[in-house]
There are 2 protein chains.
Amino acid sequence: MSGPTALLATFAEWQTADFDISNCPARDVLDRVGDKWSSLVLLTLAASSQRFSGLNRAVPDISKRMLTQTLRNLERDGFITRHVFPTKPPSVEYRLAPLGHSVVEPLVLLVGCAQANHAAIREARDRFDADAQNS
Amino acid sequence: MSGPTALLATFAEWQTADFDISNCPARDVLDRVGDKWSSLVLLTLAASSQRFSGLNRAVPDISKRMLTQTLRNLERDGFITRHVFPTKPPSVEYRLAPLGHSVVEPLVLLVGCAQANHAAIREARDRFDADAQNS
DNA sequence: CGGTATCCCGAGGGATACTG
DNA sequence: CAGTATCCCTCGGGATACCG
């Protein structure tokens, strides 16, 4: 009953009359999933809790600036929690919150789908680009 | 076997050595899901095939420019197909391709998750912002 | 009807340097 | 170690006008 059919009905609701897109529930999650680093960080933390520098190593090519910003956003939305240990030098551990776990589940499926269809997508893309050339 | 555990192992692979992020399978899908309109268009087409103007009405506030661009990208990646009928005036129908269906499934789950946790996320956000105020 | 072409702005995000 | 601060530049995407 919370299957595709029910959701598509709900989705149809978003198109009725004057729906406020800025308050669209999907955007809250999609905006996080969509930005360049959030999903990578989320999946990394799903594997195991990590410290700032650990994440920095685990997610290749992310800058400290973007890692901080990504972590703040995820923390703000309640997806992860931040734990400071008063050691010297200080260490901070990030963990997936319950809310984070619930979004990681479908995210894992999505990435799994990406894996499975990677080759097909690349082929489709090459075919499309080749056809575009002959015009 | 294609569950979370297996995927997390695969994910760990992305972090070994010199992984080429520009060829990351996840990006192909995540980039489409992430942009402002693709997921909305995909979900609309999952409900039923539609013509250009139909989509323009179904997805509120999207401009013709962005709708065209979104459709082209989705077509390029093989998520949707484009069918031109030589009527007068011309009519074009867009349909979800098999590849599109496979990505819509996890997408539906993700949006369902967004729906379910919408309130919780908003609360977490308000709490975070309130705490930030007292500093 | 189903698009293109052009202009333009603000946000996302990289590079680098500094700090408690 | 775990961040901030600053600079700067690309590019997503809105507005508008035109076209077959």
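Labels below follow one simple rule: chain letters A, B, ... track the order of the sequence lines, proteins then strands, and each chain is numbered from 1.
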Sequence neighbours excluded, the answer for side-chain hydrogen bond (donor to acceptor under 3.5 Å, both in side chains) partners of A:Arg65 is A:Gln69
Nearest heavy-atom approach of A:Arg32 to A:Ser38 is O-CB, 2.9 Å
Under a 4.0 Å heavy-atom criterion, the protein footprint on nucleotides 3-18 of chain C, written with B, S and -, is BBBB------BBB---
A:Glu75 atom CD is separated from D:dA2 atom P, nearest whole Å, by 15 Å
Separation of D:dG3 atom C1' from A:Asn56 atom CG, nearest Å, is 11 Å
Examine A:Phe128 and B:Leu42 and state if one hydrophobic cluster contains both, with Ile, Leu, Val, Met, Phe, Trp and Tyr joined whenever side-chain heavy atoms are less than 4.5 Å apart. no
- Presence of B:Arg51 side-chain N/O under 4.0 Å of C:dG2 phosphate oxygens OP1/OP2: yes
Side chains of B:Leu109 and B:Glu105: closer than 4.5 Å at any heavy-atom pair? no
**Report entry** Donor-acceptor under 3.5 Å (B:Asn56 side chain, B:Ile62 main chain)
**Finding:** yes
In short, the helix from C:dC1-D:dG20 to C:dG20-D:dC1 is bent end to end, axes from five pairs each side, to 10°, by 50°
Looking only at heavy atoms, the pair that brings B:Ala97 and B:Gly78 closest together is CB-O, 3.3 Å
Side chain to side chain, A:Arg27 and B:Leu40, heavy atoms closer than 4.5 Å
yes
- Is it true that the side chains of A:Asn117 and B:Ser102 contain a donor and an acceptor less than 3.5 Å apart? yes
Rounded to whole Å, NE2 of B:His83 lies from C1' of C:dG2 at a distance of 16 Å
